[in-house]
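As structure tokens, the structure follows; a few thoughts come after it.
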Protein chains: 2
Amino acid sequence: MAKRRKVGNMLALAILANLLAKPMHPYEMAATLRERGKDQDMPIKWGSLYTVVGNLEKHGFIRAVQSERQGLRPERTIYEITEAGRAELTDWLREIVGVAEREIPRFEAGLSLLGVLPPDEVVALLEQRLADLTEQLATAEAALRSAPVPRIFLLEGEYDLAVRRAEADWIEGLLGELRDGTLPGAKQWREWHENGADPSQLLSLMGELTAEGGPEA
Amino acid sequence: MAKRRKVGNMLALAILANLLAKPMHPYEMAATLRERGKDQDMPIKWGSLYTVVGNLEKHGFIRAVQSERQGLRPERTIYEITEAGRAELTDWLREIVGVAEREIPRFEAGLSLLGVLPPDEVVALLEQRLADLTEQLATAEAALRSAPVPRIFLLEGEYDLAVRRAEADWIEGLLGELRDGTLPGAKQWREWHENGADPSQLLSLMGELTAEGGPEA
DNA sequence: GCCACATTACTCGTAGGCGAGTATACGTCG
DNA sequence: CGACGTATACTCGCCTACGAGTAATGTGGC
């Protein structure tokens, strides 16, 4: 199980890594991160910036070293990373990389409730998703190919590509089985929806059947 | 871009789907979900149960239909899904399935900061992760194979398997390149760490090089 | 030389998420 | 028959996230 972090927001990780290079004020951190495209690599909400910086300071991972002001602009507080901060950064990174914690994407949750929608609509939705995905993949591939830096700096992009390619393939396979009706259980699903989708049958369909099937710890 | 949901927690989605079958009180929802192993398919925190139920009611997606008590136990309020709730459920599901919204896993964020750790340690960590992953995959595969229900009920498991298999393969590939030193840029990385990991060089390593390489919108 | 717009640099309010705690009832083992 | 564990069914309060707002300063155009 992943250790509970005192500051759990991914933005905090990016900030710590950033402060390794030099002390900065929050706005500069944001600017640097944005410039490097780091907001592509992690889900960053800029609204959280000052909260996160504040929390990092509160827990001793960073420390204010000076604060200056230019003219009448708001004051800028400059922070540096502390020893504890360095330790937290590496420990956290080690955990993220070394431990395969299961993160469930929304799409997977959606799949587990697919029965709610009628099969024909699901086919249409999956086609839509596949089209989306194919386009995104093409863009990302092109960007990777034309990137003027050694591959070591593009690992996150390559990983993303590999995983999403797998998703696209899987969807394609599923679509095939759905279209030609070879997927076991698809017939009952269709019939259930054609008979007005009676919720009382849903229980016996999704419930009793599924109940036994789960993996045990 | 994904529409902002009035109640955005995935637990809410599961609850709405559950109430399709019949009205329930919160604790029964939790029991049903747990029994069905739905907590395997989405990241559910049981502490949020009553908050989420409250929010669903506040926004008119569910409605209290009766409240009863047995003996001196706390009172139980029974909720049913409303028309608005049904609409929200299907609309939300449609979005989740039909739109390929990019969700960035923590591992990917970690990859983008790999340079912070020394290469040899990264190799060890990736080996660890790969081992983790391989084991989890074996367990999941076995569970899927021995499940006594038609495949249509196991889609989320199959998807998970496909995607994680891709992750494992990708890591394996990377490990190969890392071990035999064929990954472009790996040498500079190693040298930088061996020379005391001077942060001022880090900027030129990760910064300037990467800056140009990002994909444009 | 002044207006409009972008950029810089934050502040604040609020909703929601989540863990820990609480209180009753039931079963059961001796 | 009483004591202790376990299942039932919530309540509470803190902390965090995040979007919207604000205010000063640079900048380009006419």
**OP:** Sequence neighbours left out, what passes side chain to side chain contact (heavy atoms under 4.5 Å, CB included) with A/Glu80? Give chain and number order.
**Re:** A/Pro23, A/Arg63, A/Val65
Between the protein and nucleotides 17-19 of chain D, which nitrogen or oxygen pairs come in under 3.5 angstrom?
residue: D/dA17; atom: O5'; partner: A/Asn9; partner atom: ND2; Å: 3.4
residue: D/dC18; atom: OP2; partner: A/Ser48; partner atom: OG; Å: 3.3
residue: D/dC18; atom: N4; partner: A/Thr51; partner atom: OG1; Å: 3.1
residue: D/dG19; atom: O6; partner: A/Gly47; partner atom: O; Å: 3.2

Original post:
Between the side chain of B/His193 and the main-chain N/O of B/Gly115, is any donor-acceptor distance below 3.5 Å?
Top reply: yes
Subject >> Value in whole Å for how far the P atom of D/dA7 lies from CD of B/Glu35 >> reply: 14 Å
Original post:
Quick one: side chain to side chain contact (heavy atoms under 4.5 Å, CB included) partners of A/Glu28, sequence neighbours excluded?
Top reply: A/Lys22, A/Met24, A/His25, A/Thr32
Subject >> Protein-nucleotide distance (B/Arg76, atom CZ; D/dA7, atom P), rounded to Å >> reply: 17 Å
Subject >> Distance, rounded to the nearest Å, where B/Arg34 contributes CZ and D/dA7 contributes P >> reply: 11 Å
Original post:
Roughly how many Å is it from OH in A/Tyr50 to C1' in C/dT14, rounded to a whole number?
Top reply: 20 Å
Original post:
Listed by chain and number, what are the side chain to side chain contact (heavy atoms under 4.5 Å, CB included) partners of B/Ala109, not counting sequence neighbours?
Top reply: A/Met10, A/Met42
Original post:
Do any pairs count as a ring pair (Phe, Tyr, Trp, His ring centres under 6.0 Å) and have a residue in residues 91-113 of chain B, sequence neighbours left out, and if so which ones?
Top reply: A/Tyr159-B/Phe107
Original post:
Under 4.0 Å between a side-chain N/O of B/Tyr27 and OP1 or OP2 of D/dC10, yes or no?
Top reply: no
**OP:** Return the value, rounded to whole Å, for the distance between atom NZ of A/Lys6 and atom C1' of D/dC14.
**Re:** 17 Å
Subject >> Atom-pair distance (CD1 on A/Ile78; C1' on C/dA9), nearest Å >> reply: 13 Å
**OP:** Report yes if a side-chain nitrogen or oxygen of B/His25 is closer than 4.0 Å to either non-bridging phosphate oxygen (OP1 or OP2) of D/dT8; otherwise report no.
**Re:** no
**OP:** Could you list the residues that satisfy side chain to side chain contact (heavy atoms under 4.5 Å, CB included) with A/Thr90, not counting sequence neighbours?
**Re:** A/Arg94, B/Val116, B/Leu117
